[in-house]
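Only one structure is covered here, and it is reproduced in the block below.
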Amino acid sequence: MQIAKVRGTVVSTQKDPSLRGAKLLLLQFVDEEGKLLPGYEVAADIVGAGLDEWVLVSRGSAARIASGNETRPLDALVVAIIDTINIDNRLLYSKKDQDR
Amino acid sequence: MQIAKVRGTVVSTQKDPSLRGAKLLLLQFVDEEGKLLPGYEVAADIVGAGLDEWVLVSRGSAARIASGNETRPLDALVVAIIDTINIDNRLLYSKKDQDR
Amino acid sequence: MQIAKVRGTVVSTQKDPSLRGAKLLLLQFVDEEGKLLPGYEVAADIVGAGLDEWVLVSRGSAARIASGNETRPLDALVVAIIDTINIDNRLLYSKKDQDR
Amino acid sequence: MQIAKVRGTVVSTQKDPSLRGAKLLLLQFVDEEGKLLPGYEVAADIVGAGLDEWVLVSRGSAARIASGNETRPLDALVVAIIDTINIDNRLLYSKKDQDR
Amino acid sequence: MQIAKVRGTVVSTQKDPSLRGAKLLLLQFVDEEGKLLPGYEVAADIVGAGLDEWVLVSRGSAARIASGNETRPLDALVVAIIDTINIDNRLLYSKKDQDR
């Protein structure tokens with residue numbers, strides 16, 4: 001999975017019927033030092049992630065494993081909202097600090 | 001999914017028989033600031049996207065999930081025509097503005 | 001799918017038995033302006049593509065969808081020989097012109 | 001598979017229910033000369049890898065092959081802790097030396 | 001598939017039980033002009049490839065198609081040892097010349 005920050009939303013009415021009800025988030029990738037990277041991904045959300053939260057995004061067929069997404073033509077899915085990231089026993093990110 | 005702009009079409013008569021009737025669009029990727037990127041993808045279209053429209057493209061096995069494509073050797077599919085993209089509560093793209 | 005030009009062939013006798021009879025082409029990728037890119041792919045051919053022809057190549061599990069390839073460990077397949085590519089209503093490529 | 005070094009952990013409480021109990025490691029890729037690369041991957045661990053160990057990471061649908069992961073939306077998995085890497089009959093890496 | 005040169009081996013004792021008996025080769029990618037590229041892949045071998053040989057490597061779910069690998073969490077597989085590569089009717093590589 002990759003670490004990404006929720007930057008926004010993508011809305012569409014003319015789409016594959018299976019995608020009705022799917023919430024699509026625009027995610028920007030974050031590198032292993034916590035900096036925003038140029039790449040992005042539009043992913044379906046099943047965990048209720050909000051703007052600016054850091055999430056884990058799974059890509060490829062993994063996006064269709066979660067319940068309700070099996071028959072949707074998705075290739076990216078937000079699978080978790082990140083609480084903490086520790087690198088070399090040092091706290092890189094904490095949702096608690098971010099929310100203050 | 002990635003955001004892309006419909007730039008054109010690809011036509012082929014000598015192809016895998018399963019691809020008969022599939023409309024193939026040439027898409028150019030768009031970055032998270034709305035600029036055209038150098039990369040492109042040729043994708044089947046199931047939503048009736050037209051020239052210059054912004055769409056969502058799914059890649060990999062997702063391209064064969066939609067009805068009618070299960071047995072086609074596709075690795076990219078236009079799954080939605082984008083109405084709006086919002087980033088940091090700011091409107092990045094609106095189809096309505098584009099159509100004027 | 002990506003657009004690629006047939007540059008050559010790869011021959012192997014010591015291989016997975018399932019690959020017997022599979023014709024393997026060396027393809028070089030072409031960008032959306034028609035220029036050769038540095039990347040290449042070795043792909044199985046099911047449409048009879050010849051040297052210098054422009055083709056569409058599907059990658060990933062799509063390569064095993066076409067009849068006869070289901071049990072071959074392939075990750076790339078030539079699925080179509082391109083007749084024409086149109087970008088912004090302008091003809092970028094025509095096989096007819098190329099064949100002259 | 002790619003070679004990677006275990007750099008840390010990612011913790012999440014709000015996630016797809018199937019991910020409960022999955023240990024998520026932050027891995028940094030290592031190149032074929034043993035140097036750390038900028039890219040990283042967050043992967044589930046099934047082999048008990050510890051901080052600073054070098055591991056093999058499988059990506060894509062391979063991440064869901066191992067027992068217990070079939071229904072988890074994972075796209076990366078630590079499948080082995082590396083003992084030794086030999087390149088051109090020269091020892092590039094040995095876990096034993098690293099552990100001293 | 002990509003063209004790669006066998007550079008070495010990776011050995012692991014602590015691994016997913018399904019990987020017991022799998023031989024893991026370290027491959028370095030070769031470009032379409034025959035030069036070594038910086039990227040590498042660790043792949044299972046089913047064709048008995050030896051050091052310095054040029055091989056074809058399949059990635060993704062293709063790695064689990066070959067007999068005996070169906071339940072192994074592999075994402076890369078050596079599927080063929082290359083005899084010859086021809087580009088533009090010119091011999092780029094011949095195993096025979098290499099073996100002298």
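Labels below follow one simple rule: chain letters A, B, ... track the order of the sequence lines, proteins then strands, and each chain is numbered from 1.
The part of C/Arg64 that comes within reach of chain E is its side chain, from C-beta onward, which places non-hydrogen atoms under 4.5 angstrom from that chain. Heavy-atom distances place both the backbone and the side chain of E/Ile3 under 4.5 Å from chain C. Interface residue C/Ser61: backbone and side-chain heavy atoms are both found under 4.5 Å from chain E.
In this structure, E/Met1 and C/Leu74 have side chains that are in contact, with non-hydrogen atoms separated by less than 4.5 Å. Counting heavy atoms from C-beta on, the side chains of E/Val30 and E/Leu36 come closer than 4.5 Å. Between E/Val42 and E/Leu25 there is no side-chain heavy-atom pair separated by less than 4.5 Å.
Options E/Leu56, E/Ile65, E/Leu37 differ in how many heavy-atom pairs under 4.5 Å they form with chain C, and the most are formed by E/Ile65.
Applying the salt bridge (charged side-chain N to carboxylate O under 4.0 Å, His left out) criterion to C/Arg59, with sequence neighbours excluded, gives C/Glu41.
When all heavy atoms of C/Phe29 and C/Val57 are compared, the closest pair comes out as CE2-CG1, 3.8 Å.
Put simply, CD on E/Glu70 and OG on E/Ser18 are 11.5 Å apart, with the number rounded to the nearest 0.5 Å.
At a heavy-atom separation below 4.5 angstrom, chain C is approached by E/Leu77, E/Val79, E/Ala80, E/Ile81, E/Ile82, E/Asp83, E/Thr84, E/Ile85 within residues 77-85 of chain E.
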Going through the checks in order, is the side chain to side chain contact (heavy atoms under 4.5 Å, CB included) test met by E/Asn69 and E/Ile46?
CA-CA 9 Å; E/Asn69 282 343; E/Ile46 50 167; 3.7 Å; yes
